[in-house]
Protein chains: 2
Amino acid sequence: MLNIDPLANNSLFRGLNENDHNELSRISVSQEYSRGQTIFLEGQDGAGFYLVTSGLVKIYKLSLDGKEQILHILGPGEPFAEVALFAGSTYPANAMAIEKSSVVFFPRKAFSDLISKRPSLALNMLATLSLRLRQFANMVEALSLKEVPGRLAAYILLENEERGKNGDIKLPIAKSQLASLLGTIPETLSRILAKMTKQGIVTATGSSISILDMEKLQELADGETRLS
Amino acid sequence: MLNIDPLANNSLFRGLNENDHNELSRISVSQEYSRGQTIFLEGQDGAGFYLVTSGLVKIYKLSLDGKEQILHILGPGEPFAEVALFAGSTYPANAMAIEKSSVVFFPRKAFSDLISKRPSLALNMLATLSLRLRQFANMVEALSLKEVPGRLAAYILLENEERGKNGDIKLPIAKSQLASLLGTIPETLSRILAKMTKQGIVTATGSSISILDMEKLQELADGETRLS
DNA sequence: CGCTGCGTTGAGCTTCTTCAACGATCGTGG
DNA sequence: CCACGATCGTTGAAGAAGCTCAACGCAGCG
């Protein structure tokens, strides 16, 4: 096969047999979204959950006056909107494709039936939700206990561990989106990045960031230091 | 029996049979904590999870300079630290008894074995975690998109729905703790409550709050209005 | 080539925190 | 039962962090 099955290699479905995978393929529906297209809105009836197969999807909340807070950014292999399956029936936030994306949709009922019969599927799902709870706890901590420089530093370090190798990072999202993810606005992010650059902590050109002073970045992320 | 079994009536264990309940009783351990006593600390090995049977427990994060952000307040019947079971092995935050409390502790291994054999237990746990994810999403939204008056208004309204009847609320926690839960400090909370009182939205005496203008409170919580 | 979205920079302002002092409340031991 | 201390809550004044508004440069794309 030229196209690898997006379902087969996902950790969410680890431990399932061939039949289960066929069943999953049978009940799921592939969908395409173009950049900026809404996948669902907060409050809508949660008809099922999704898995990203390509592209990038953001989960976000909006205030009345239009300010956005991104809760998650999801890439290939990552599920979203699982919450709607198990508690309440509506989506708790909005979902939009940041870039051209493909997702697989799993209708609620069919998936519920399968999960009731497959303990390993339920356990995998528990692991997924638990990981997300951990991320949320860190996000609340960041928003409440850290200032924007600290949040940005933590983000850069995290990104460096996950994608960067030698301290060179390519931002996967636009800076305005990063601002929204960090709980601030583009202007503030821009100013702080400029300040970090001026102090020799990083260099930033376009969507590339290079870490110059890893130690200082770590201190900022931990809240040991101010940017002054 | 004089003492009702705290395990039998919990929604987490709904759908389990008599044997399972006996098994749960067998593997669990009762613990007592006095006011202010630490139950576990962030980063410690997560040896299991807990269920509050009486009293009040807070889950919280601390910054280096000692500021506290409360993530949850848990009362009788509510479980906590389930996350440590399914993702990572360490506790993601600190837990402390706010008042004299009794909890039941379920050691990791024994509970994992049971959950693997009882699909309904896994599903109940999924429902619990999903609900918590929803709460976290709302908390992030509040911290990032609402100002303190809005957060306080939302808290009062929520508390009124859950415990209050006719708009009279008895705060279950100290105001300093409420400030920490709302992501602010006691001084700010005090000032805003005073302002709300001055504007005839609520009256506050000690730990009692009475709602005078429900509509205005709702507008504040939704972000439609400022306190001016 | 022009338009539109993104990013940057500046000035002023709002919200919230910090620091400090004081008052109230509650539990406890004398 | 009262007195005391500790914790909690309130209020004021000053400062800091981040937001708003506005203008402008730049790049990408049709």
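The analysis underlying the following values was restricted to heavy atoms, covering all of them including side chains, and did not include hydrogens, waters or symmetry mates. In what follows, every chain begins at residue 1, and chains take the letters A, B, ... in the order their sequences are listed.
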Which of the following nucleotides, [options], is nearest to the side chain of [X]?
{"X": "A:Thr188", "options": "D:dC19, D:dG9, C:dT15", "result": "D:dC19"}
{"X": "B:Ser190", "options": "C:dT15, C:dG7, D:dT10", "result": "D:dT10"}
{"X": "A:Pro149", "options": "C:dC16, D:dG9, D:dG18", "result": "D:dG18"}
{"X": "B:Lys67", "options": "D:dT20, C:dT17, D:dA17", "result": "C:dT17"}

Calculate the interatomic distance between [X] atom [atom1] and [N] atom [atom2]; express it in whole Å.
{"X": "A:Lys175", "N": "C:dG7", "atom1": "NZ", "atom2": "C1'", "result": "7 Å"}
{"X": "B:Glu187", "N": "C:dT15", "atom1": "CD", "atom2": "P", "result": "18 Å"}
{"X": "A:Leu189", "N": "D:dC19", "atom1": "CG", "atom2": "C1'", "result": "14 Å"}
{"X": "A:Ile185", "N": "D:dC21", "atom1": "CD1", "atom2": "P", "result": "10 Å"}
{"X": "B:Leu152", "N": "C:dC16", "atom1": "CG", "atom2": "P", "result": "11 Å"}
{"X": "B:Glu99", "N": "D:dC8", "atom1": "CD", "atom2": "P", "result": "14 Å"}
{"X": "A:Leu182", "N": "D:dC19", "atom1": "CG", "atom2": "P", "result": "11 Å"}
{"X": "B:Ile173", "N": "D:dG9", "atom1": "CD1", "atom2": "C1'", "result": "15 Å"}

Quickly, which of B:Glu99, B:Glu68, B:Glu78 forms a salt bridge (charged side-chain N to carboxylate O under 4.0 Å, His left out) with B:Lys58? Name it, please.
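Result for salt bridge (charged side-chain N to carboxylate O under 4.0 Å, His left out) with B:Lys58: B:Glu68.
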Pairwise side-chain contact, B:Glu224 with B:Gln218, heavy-atom cut-off 4.5 Å (strictly under):
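Contact flag for B:Glu224/B:Gln218 side chains = no.
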Taking donor-acceptor contacts at under 3.5 Å, does the side chain of A:Gln177 reach the base of C:dC6?
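Check fails, no donor-acceptor contact within cut-off.
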Look at the side chain of A:Arg191 against the base of C:dG10 and say whether a donor-acceptor pair falls under 3.5 Å; ignore hydrogens and angles.
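Yes.
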Name the residue from B:Phe111, B:Tyr33, B:Tyr50 that meets the ring pair (Phe, Tyr, Trp, His ring centres under 6.0 Å) definition with B:Phe105.
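Per the ring pair (Phe, Tyr, Trp, His ring centres under 6.0 Å) rule, the option paired with B:Phe105 is B:Tyr50, out of B:Phe111, B:Tyr33, B:Tyr50.
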Comparing B:Gly206 and B:Arg226 on DNA chain D - which has the more 5′ nearest nucleotide:
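Counting from the 5' end, the first nearest nucleotide belongs to B:Gly206.
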Taking only the side-chain nitrogens and oxygens of A:Thr184, find out if one of them lies under 4.0 Å from OP1 or OP2 of D:dC19.
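Indeed, a polar side-chain atom of A:Thr184 lies that close.
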